[in-house]
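Read the structure below first, then the notes.
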Amino acid sequence: QVQLVESGGGSVQAGGSLKLSCAASGYTYSSYCMGWFRQAAGKEREGVAFIESDGTTSYIDSMKDRFTISKDGAKNTLTLYLQMNRLKREDTAMYYCAAGPRSGFGCYTGQSHYNSWGQGTQVTVSS
């Protein structure tokens, strides 16, 4: 059974940085994708950044110049990271990590393709 546990959220002033972590265990697929999603109050959950089992990364265009996804460790026990720089008020949201199968062309960006989710960690950016 896959377990994903996020940490690292908090309150930060606009322009600051945060690094989120997601401890993943029990994922046995050799080819997989992991991603960060976020959901602001009153809005739909949206993808932020994705990483394949081989380390290939992809980002939603509006995030790629400020956010960096990375991972460390083996597939059964690894840690997923999201480094967030130059944070803006509109980055305020609950951030979730997720795991799922890899498509033939890389990582899916839609949440429906991810079958394992963490409980989320709140990021609040104030001006």
Side-chain angles (χ1 to χ4, degrees):
Q1 184 177 356
V2 179
Q3 288 191 319
L4 302 173
V5 180
E6 301 96 335
S7 61
S11 297
V12 64
Q13 288 194 325
S17 298
L18 277 176
K19 187 172 186 177
L20 306 183
S21 299
C22 173
S25 61
Y27 207 78
T28 59
Y29 294 102
S30 58
S31 178
Y32 60 86
C33 279
M34 297 192 74
W36 286 98
F37 291 78
R38 70 184 186 183
Q39 187 168 19
K43 295 188 177 181
E44 292 188 356
R45 190 173 297 186
E46 62 175 353
V48 174
F50 310 90
I51 188 165
E52 300 176 39
S53 43
D54 67 358
T56 301
T57 59
S58 56
Y59 298 86
I60 300 302
D61 282 346
S62 59
M63 321 283 182
K64 63 184 178 182
D65 62 339
R66 298 186 296 119
F67 292 1
T68 303
I69 189 171
S70 61
K71 63 181 179 73
D72 186 28
K75 64 175 185 227
N76 195 37
T77 306
L78 64 81
T79 303
L80 183 71
Y81 302 100
L82 184 68
Q83 176 69 48
M84 304 185 294
N85 299 324
R86 302 195 304 280
L87 283 162
K88 305 175 182 180
R89 287 191 64 184
E90 51 263 42
D91 295 319
T92 295
M94 185 72 80
Y95 284 73
Y96 300 89
C97 70
R102 181 184 176 278
S103 81
F105 304 99
C107 289
Y108 294 105
T109 58
Q111 61 173 318
S112 63
H113 297 284
Y114 291 80
N115 47 28
S116 297
W117 292 84
Q119 82 289 349
T121 186
Q122 178 68 37
V123 172
T124 302
V125 184
S126 59
S127 58

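Both backbone and side-chain heavy atoms feed into the values below; hydrogens, waters and symmetry mates do not.
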M84/V12 under side chain to side chain contact (heavy atoms under 4.5 Å, CB included): CA gap, chis, key distance, verdict: CA-CA 11 Å; M84 304 185 294; V12 64; over 6 Å; no
For Q122 against A93, the heavy-atom pair lying closest together: NE2-O, 3.4 Å
Steps toward side chain to side chain contact (heavy atoms under 4.5 Å, CB included) verdict (S7, T121): CA-CA 6 Å; S7 61; T121 186; 5.6 Å; no
Gap between atom CG of D91 and atom CZ of R38 - 0.5 Å precision: 4.5 Å
Heavy-atom closest pair, residues P101 and H113: CD-O, 3.4 Å
Interatomic spacing from OH in Y96 to CD in Q111 - rounded to 0.5 Å: 10.0 Å
Point-to-point distance, once rounded to the nearest 0.5 Å, from CG of D54 to OG of S31: 8.0 Å
For the student: nearest non-hydrogen atoms of L4 and A98, plus distance: CD1-CA, 3.8 Å
Other residues, nucleotides, ligands: >12 heavy atoms within 6.0 Å of E90 CD: yes
Proximity of F50 and F37 rings by center, below 6.0 Å: yes
CD (Q3) with more than 12 external heavy atoms under 6.0 Å: no
Closest non-hydrogen atom pair, A24 against M34: CB-CE, 3.8 Å
R86 atom CZ, neighbour heavy-atom count above 12 within 6.0 Å: yes
Linked, directly or transitively: Y81 and M94 (ILVMFWY side chains, under 4.5 Å): no
Donor-acceptor under 3.5 Å (T92 side chain, V125 main chain): yes
Which residues share a ring pair (Phe, Tyr, Trp, His ring centres under 6.0 Å) with Y59, sequence neighbours left out: none
Minimum heavy-atom distance between R89 and S126, given as atom pair plus value: CG-C, 4.3 Å
Residue Q13 excluded, over 12 heavy atoms near CD under 6.0 Å: no
Donor-acceptor pair, side chain of E6 and main chain of C97, under 3.5 angstrom: yes
Spacing of Q39 atom CD and Y95 atom OH [to the nearest 0.5 Å]: 12.0 Å
Interatomic spacing from CD1 in I69 to CG in L20 - rounded to 0.5 Å: 10.5 Å
Nearest heavy-atom neighbours spanning N85 and S17: OD1-OG, 3.0 Å
Polar side-chain atom of S53 near backbone of Y32 as donor-acceptor pair, under 3.5 Å: yes
L87/F67 under side chain to side chain contact (heavy atoms under 4.5 Å, CB included): CA gap, chis, key distance, verdict: CA-CA 9 Å; L87 283 162; F67 292 1; 4.1 Å; yes
Heavy-atom side-chain contact between Y114 and C107 under 4.5 Å: yes
Spacing of CD1 belonging to I51 relative to OG belonging to S58, to within rounding of 0.5 Å: 9.0 Å
